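One structure is given here, and the rest of the page talks about it.
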Amino acid sequence: IQILTNKSFRNINEKETKDLAQKGYSKIYWNKEHTPSIKAKLEFSPACFIKYDVDFDTYTSIGCIDNYSDSGEIIIDGITGKDLDEEPKNFFFSGRINIEEIKEKDENKKIPFEFTENDIEEHAINSIIEEHTHEVNYTGNNNVTYSKTCIPKRRDIDLKQFLPVYLPIWTNEINIM
């Protein structure tokens with residue numbers, strides 16, 4: 001299934017990004033004759049935000065040795081198909097998710113998704129399985145301690161939310177002339 005969306009995180013305009021860039025570099029001192037020139041470029045980078053629950057029990061011949069229940073979220077980069085890097089993940093997904101439509105004039109700035117919904121879901125499930133696999137020690141009926149790897153199965157994972165979204169990425173080039 002091809003991913004089609006026109007949703008983006010709340011975006012700022014070009015003036016706001018230039019103001020932020022200039023403010024961020026206000027410690028650069030220059031001669032009054034040399035003023036900074038800022039070129040701002042906007043791109044919309046694709047990503048998928050996925051919320052999930054994991055619930056499973058692990059049994060051996062002595063009965064249930066582990067009852068596991070957890071929930072979480074994973075963000076997949078729509079270009080690489082891998083988990084999103086920490087910096088943009090923390091910037092965009094650390095607070096309330098504020099979504100808006102991409103303006104018609106910015107449609108041409110969208111980078112297309114390189115993966116289908118099925119590809120992204122497959123990667124997410126594999127990452128969730130890897131993240132929630134854990135070791136449990138238990139004592140058998142013969143008083144010997146054993147170790148067992150508890151691995152969730154696909155059916156143990158419930159994807160609660162699948163939100164394809166574009167991340168507005170501003171690149172600023174600052175020249176001092």
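The shown structure was predicted, so the numbers you read here are calculated from the model rather than taken from an experiment.
More than 12 heavy atoms of other residues, nucleotides or ligands lie within 6.0 Å of CD in E135, so this atom counts as buried by the packing criterion. Atom NZ of K109 has more than 12 neighbouring heavy atoms from other residues, nucleotides or ligands inside a 6.0 Å radius.
Side chain of D85 to backbone of E87: no donor-acceptor contact under 3.5 angstrom is found. Under the 3.5 Å distance criterion, the side-chain polar atoms of D106 are left unmatched by any main-chain donor or acceptor of K103. In this structure a side-chain-to-backbone donor-acceptor pair under 3.5 Å is present from D77 to T80. The main-chain N or O of H123 is never found under 3.5 Å from a side-chain atom of N126 such that the two would form a donor-acceptor pair.
With sequence neighbours excluded, no residue forms a side chain to side chain donor-acceptor pair (under 3.5 Å) with N141. Taking the salt bridge (charged side-chain N to carboxylate O under 4.0 Å, His left out) definition, one finds that E122 meets it with R154, sequence neighbours left out. In this view, D158 and K160 satisfy the salt bridge (charged side-chain N to carboxylate O under 4.0 Å, His left out) rule, not counting sequence neighbours.
To the nearest 0.5 Å, atoms CG (L167) and OG (S45) are separated by 5.5 Å. Rounding to the nearest 0.5 angstrom, the gap separating the OG atom in S127 from the CD1 atom in I74 is 4.0 Å. Atom CG in D66 sits 10.5 Å away from atom OH in Y59 (nearest 0.5 Å). A distance of 11.0 Å separates CG in D119 from CD in E114, rounded to the nearest 0.5 Å. The distance from the CZ atom of F44 to the CD1 atom of I102 is 4.5 Å, given to the nearest 0.5 Å. Rounding to the nearest 0.5 angstrom, the gap separating the CD1 atom in I75 from the CG atom in L84 is 6.5 Å.
A donor-acceptor pair shorter than 3.5 Å can be found between the side chains of D55 and S69. A donor-acceptor contact under 3.5 angstrom links the side chains of Y68 and H132, judged on distance only.
N137 is not listed as a side-chain neighbour of I65, based on a closest heavy-atom distance of 4.5 Å or more. Using a 4.5 Å cut-off on side-chain heavy atoms (C-beta onward), I128 and P152 make no contact. Contact check for P46 versus I79: side-chain heavy atoms found under the 4.5 Å cut-off. Looking at heavy atoms from C-beta onward, F56 lies out of side-chain contact with K153 at the 4.5 angstrom threshold. D83 places a side-chain heavy atom less than 4.5 Å from the side chain of I76. Residues Y138 and I62 have side chains in contact (heavy-atom distance under 4.5 Å, counting atoms from C-beta outward). E43 places a side-chain heavy atom less than 4.5 Å from the side chain of I111. Between Y146 and V136, the closest side-chain pair of non-hydrogen atoms is not below 4.5 Å.
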**Asked** Do T139 and V144 pass the side-chain contact (heavy atoms from CB on, under 4.5 Å) test, and can you show the C-alpha distance, the side-chain angles, and the key distance before you say yes or no?
**Response** CA-CA 5 Å; T139 303; V144 174; over 6 Å; no
**Message:** Determine whether I151 and I129 satisfy the following criterion, side-chain contact (heavy atoms from CB on, under 4.5 Å), listing intermediate values before the conclusion.
**Reply:** CA-CA 7 Å; I151 304 169; I129 288 171; 3.9 Å; yes
**Request:** Starting from the C-alpha separation in whole Å, work towards a yes-or-no answer on side-chain contact (heavy atoms from CB on, under 4.5 Å) for I50 and Q161.
**Result:** CA-CA 5 Å; I50 302 166; Q161 183 180 13; over 6 Å; no
**Request:** Might you work through the side-chain contact (heavy atoms from CB on, under 4.5 Å) test for L159 and E121, ending with a clear yes or no?
**Result:** CA-CA 9 Å; L159 300 183; E121 191 175 300; 3.4 Å; yes
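Taking the six-membered ring wherever Trp is involved, the centroid distance between the rings of F113 and Y166 falls below 6.0 Å.
Nearest heavy atoms, G81 versus F115: N-CE1, 3.2 Å.
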